[in-house]
Each structure stands twice: as C-alpha cells, then as structure tokens.
Amino acid sequence: MTYSRAAGADGAGEPAGGRAGESSGGRAGESATEAAWAELVATARRTVADGLVVGTSGNVSVRVGDTVLVTPSGVPYDRLTPADATGVDLDGRQILGTLVPTSELPMHLAVYRSDPAARAVVHTHAVHATAVSLLVPELPPVHYMTAALGGPVRVAPYAAYGTGELARGMLDALTDRTGCLLRNHGTITYGTSLDQAYDRTAQLEWMCRLWLTAASVPGHSPSLLTPDQLTEVTERLRGYGQRS
C-alpha cells in the first residue's frame with residue numbers, strides 16, 4: 001500500500017464506490033492503516049508536547065496485522081502527514097512509504113517478536129527517567145504504579161543506539177515487564193494500544209521524578225514498597241477501570 005499527497009485519506013476525487021476493482025476488504029485494511037498512522041502521529045507529537053523528547057529524539061510504533069507502522073528517521077513530528085506513512089514487516093523490510101524508518105527499529109521489532117500481545121511501543125529520552133538510568137540498576141519501587149509495569153523497572157546496559165546489542169539488552173530488562181530504562185539513553189514501554197503504551201511511559205517518567213525528588217532530601221531515604229505490597233496492587237489492578 002502507498003499513499004499519495006494528491007489523494008489524501010479522505011479519498012477526494014474518487015467515485016463513491018471507491019477505486020475500480022478494489023475489494024471492500026482492501027479498503028477496510030487501508031482505512032485501518034490510515035487510522036493507526038493518524039493515532040501514531042498524534043502520540044509522537046504528544047511526546048514532544050509533554051516534554052518526553054526533544055526534537056526528533058524518541059520514536060513510536062504501532063502494529064496493524066503483520067505491518068509495523070513507525071515514525072521515520074529525523075523528521076519533525078509536526079511535519080508528518082498521511083502521505084508520510086512508514087511501515088515495515090516483522091523482519092524489518094519496508095513495505096509502506098519511502099521515508100527511512102527510525103534508527104531504533106531493531107528495538108521495536110524485538111518487542112513485537114517477543115510478545116504477540118504487543119501492539120504499540122513508545123521510546124523516549126525523558127529527562128528524569130534517563131537521569132535514573134545513570135544511577136541505579138533498577139528504579140526502586142516508590143509507588144504502587146510500579147506494579148502496572150510488572151514490577152521494579154530494570155535498567156538495560158548501555159549500548160549504541162540502533163544496534164542489535166541494545167535490542168537484546170532491552171529484551172532482558174523487559175522480562176516479565178512492560179517497560180524498562182535504557183542506561184544513558186531513555187525509556188521504552190509497550191502495550192496493547194498506543195494509549196496504554198504512552199500512559200506507561202508517562203507513569204514511568206513520573207515515578208522516576210518522584211524517586212529523584214525524595215532521594216535528594218538530605219538525611220532521609222525514600223520509603224519503598226515491599227514485594228507483598230506490589231503483589232497486592234497487581235491483583236487490585238486487574239479489576240481497575242471501566243468494564244463493558
């Protein structure tokens with residue numbers, strides 16, 4: 001599938017029935033991809049607005065079937081349009097668009113290959129989370145939202161960006177977790193939707209800021225939650241939120 005700047009997502013200029021010979025299944029697939037791309041761009045822009053990234057640092061992806069839509073490399077998010085949709089298959093072969101995918105594609109694909117439930121990945125260079133990655137091997141459990149990420153958030157060893165080594169270290173840190181810190185680098189979280197992946201990123205940055213703030217008070221050490229307390233919260237979180 002390709003996009004054209006001349007024919008936008010609204011299909012202006014096409015017959016009411018769509019393109020000649022195009023199946024309803026094809027149109028549905030294209031519509032789903034267009035909607036997912038729009039949501040991805042909105043999420044990427046939100047990372048900038050919320051101060052989780054600067055410029056084009058960080059990246060976002062979402063899986064639609066066997067296609068992974070991902071932010072392109074070095075393009076400011078406020079300039080992305082429907083015509084810039086960029087997608088690869090699970091082997092990293094580009095199947096959508098002409099812009100080069102993010103250099104951190106190996107991390108995104110590693111998440112999707114390792115957990116079939118993963119549908120979205122958010123990677124940021126959030127300041128407080130990155131600061132914590134310089135100091136400790138894992139974020140101490142200062143808040144019960146630690147349980148929402150599977151437990152105390154680990155720090156993956158430093159490795160150059162865009163490398164298989166970084167992706168492997170990240171996967172180890174993500175064992176039984178949905179988020180981790182990347183030493184001297186940033187954060188990565190994933191979820192079953194872009195909203196969930198982004199919320200986990202925001203919660204992780206907030207908890208890192210909380211720990212740094214509490215730990216900076218002279219003569220005091222932050223109170224930490226016990227494993228039993230985190231287990232209790234994990235059970236309570238299973239029933240959290242609205243139910244259909």
Side-chain angles (χ1 to χ4, degrees), residues 1-4 26 29-45 47 52-53 55-77 79-125 154 156-175 177-198 200-201:
M1 173 184 174
T2 58
Y3 286 84
S4 166
E30 181 169 325
S31 177
T33 300
E34 290 171 346
W37 175 253
E39 187 180 5
L40 179 149
V41 171
T43 301
R45 291 173 178 170
T47 65
L52 299 177
V53 303
T56 60
S57 65
N59 27 80
V60 178
S61 70
V62 62
R63 181 174 176 178
V64 182
D66 291 330
T67 299
V68 175
L69 300 175
V70 64
T71 47
S73 178
V75 180
Y77 301 142
R79 298 181 189 174
L80 291 175
T81 72
D84 297 319
T86 304
V88 301
D89 63 19
L90 292 173
D91 292 320
R93 292 184 292 263
Q94 188 157 358
I95 57 177
L96 176 62
T98 59
L99 296 177
V100 176
T102 173
S103 58
E104 297 290 14
L105 185 60
M107 282 203 303
H108 291 258
L109 294 179
V111 170
Y112 293 120
R113 291 171 186 151
S114 67
D115 188 348
R119 285 295 178 270
V121 177
V122 176
H123 165 52
T124 78
H125 293 177
R154 306 183 188 100
Y158 176 78
Y161 76 90
T163 62
E165 181 184 2
L166 177 60
R168 288 188 293 273
M170 173 208 68
L171 281 183
D172 287 341
L174 283 176
T175 302
R177 303 288 188 270
T178 54
C180 73
L181 302 177
L182 308 169
R183 191 174 304 281
N184 296 83
H185 189 154
T187 70
I188 192 160
T189 60
Y190 72 93
T192 57
S193 67
L194 276 166
D195 280 345
Q196 187 180 65
Y198 184 87
R200 287 171 172 168
T201 294

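Treat the numbers as computed from the prediction; the structure is a model and nothing was measured.
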**Q** At their closest point, which heavy atom of Ala156 faces which heavy atom of Gly169, and how far apart are they?
**A**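 The answer is CB-O, 3.6 Å.
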**Q** Could you tell me whether a side-chain N or O of Arg183 sits under 3.5 Å from a main-chain N or O of His185, the two making a donor and an acceptor?
**A**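 The answer is no, because no donor-acceptor pair under 3.5 Å joins these two groups.
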**Q** Kindly state whether the ring of His108 and the ring of His123 have centres lying under 6.0 angstrom apart.
**A**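 No; His123 has its ring centre 6.0 Å or more from that of His108.
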**Q** Looking at Arg119 and Thr192, what are the two nearest heavy atoms and their distance?
**A**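 Closest approach of Arg119 to Thr192: CB-O, 3.3 Å.
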**Q** Kindly indicate, with the supporting measurements, whether the criterion side-chain contact (heavy atoms from CB on, under 4.5 Å) is fulfilled by Val88 and Leu109.
**A** CA-CA 9 Å; Val88 301; Leu109 294 179; 4.1 Å; yes
**Q** Test side-chain contact (heavy atoms from CB on, under 4.5 Å) on Arg200 and Val122; report intermediate values, then the result.
**A** CA-CA 9 Å; Arg200 287 171 172 168; Val122 176; over 6 Å; no
**Q** List the steps and the verdict of side-chain contact (heavy atoms from CB on, under 4.5 Å) for Val60 and Tyr198.
**A** CA-CA 9 Å; Val60 178; Tyr198 184 87; over 6 Å; no
**Q** Taking all heavy atoms of Pro72 and all of Leu80, pick out the closest pair and write down the distance.
**A**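 Reported closest heavy-atom pair: CG-CD2, 3.6 Å.
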**Q** First locate atom CG of Asn59, then atom OG of Ser103, and finally report the distance between them rounded to the nearest 0.5 Å.
**A**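 Asn59 CG to Ser103 OG: 6.5 Å, rounded to 0.5 Å.
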**Q** Kindly say whether Thr86 contributes a backbone atom to a donor-acceptor pair with the side chain of Trp37 at under 3.5 angstrom?
**A**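 Side chain of Trp37 to backbone of Thr86, a donor-acceptor pair under 3.5 Å: no, none is there.
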**Q** Before you tell me yes or no, could you show the steps for Thr187 and Thr124 under side-chain hydrogen bond (donor to acceptor under 3.5 Å, both in side chains), namely the whole-Å CA-CA distance, both residues' side-chain angles and the distance that decides it to 0.1 Å?
**A** CA-CA 5 Å; Thr187 70; Thr124 78; 2.8 Å; yes
**Q** If we only count heavy atoms from C-beta on, is the Met170 to Glu104 side-chain gap below 4.5 Å?
**A**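 A side-chain contact is absent here, since even the closest heavy-atom pair is not under 4.5 Å.
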**Q** Using only heavy-atom distances, determine whether the side chains of Thr189 and Thr201 contain a donor-acceptor pair under 3.5 Å.
**A**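 Distance-only check passes for Thr189 and Thr201.
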**Q** Just how far is it from atom CG of Leu174 to atom OG1 of Thr178, taken to the nearest 0.5 Å?
**A**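 It comes to 8.0 Å.
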**Q** For the residue pair Glu39 and Asp195, establish whether any side-chain heavy-atom pair is separated by less than 4.5 Å.
**A**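 Counting from C-beta outward, Glu39 and Asp195 do come under 4.5 Å.
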**Q** Are the side chains of Val75 and Asp84 in contact, using a 4.5 Å heavy-atom criterion?
**A**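 In short, these two side chains do not touch, never coming nearer than 4.5 Å.
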**Q** Do Asp89 and Asp66 have side chains that approach each other closer than 4.5 Å (heavy atoms only, starting at C-beta)?
**A**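 No, their side chains stay 4.5 Å or more apart.
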**Q** Once rounded to the nearest 0.5 Å, what's the spacing between atom CG of Asp115 and atom CZ of Arg177?
**A**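 Here the rounded value is 14.0 Å.
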**Q** Work out which heavy atom in Gly55 is nearest to a heavy atom in Tyr77; give both atom names and the distance.
**A**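 For Gly55 versus Tyr77, the nearest heavy atoms are O-CE1, 4.3 Å.
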**Q** In the structure I gave you, are the side-chain heavy atoms of Ile188 and Cys180 within less than 4.5 Å of one another anywhere?
**A**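 Yes, at least one pair of side-chain atoms sits under 4.5 Å.
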**Q** Which heavy atom of Pro106 sits nearest a heavy atom of Thr163, and at what distance?
**A**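 Shortest heavy-atom contact: CB-O, 4.3 Å.
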**Q** May I ask you to test the Val121-Met107 pair for a side-chain heavy-atom distance under 4.5 Å?
**A**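 Not touching, per the 4.5 Å side-chain cut-off.
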**Q** Using modelled atom types only, decide if a donor and an acceptor are shared between the side chain of Glu34 and the backbone of Ala85 within a distance under 3.5 Å.
**A**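 No.
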**Q** Please check if the side chain of Ser57 supplies one atom and the backbone of Val53 the other of a donor-acceptor pair under 3.5 Å.
**A**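 It does not hold such a pair.
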**Q** Testing the basics here: between Ser61 and Tyr112, what is the closest heavy-atom pair and its distance to 0.1 Å?
**A**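 Nearest heavy atoms, Ser61 then Tyr112: OG-OH, 2.7 Å.
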**Q** Decide yes or no for Arg154 and Asp172: does some side-chain heavy atom of the first lie under 4.5 Å from some side-chain heavy atom of the second?
**A**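 No; the side chains remain at least 4.5 Å from each other.
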**Q** Does Leu182 reach the side chain of Tyr161, with side-chain heavy atoms less than 4.5 Å apart?
**A**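 A side-chain contact under 4.5 Å is absent here.
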**Q** In Å, rounded to the nearest 0.5 Å, how long is the span from CG of Leu40 to CG of Leu69?
**A**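 One finds 6.5 Å between CG of Leu40 and CG of Leu69.
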**Q** Under the criterion side-chain contact (heavy atoms from CB on, under 4.5 Å), I'd like the reasoning laid out for Thr33 against Thr67: C-alpha separation, chi angles, the key distance, then a yes or no.
**A** CA-CA 9 Å; Thr33 300; Thr67 299; 5.8 Å; no
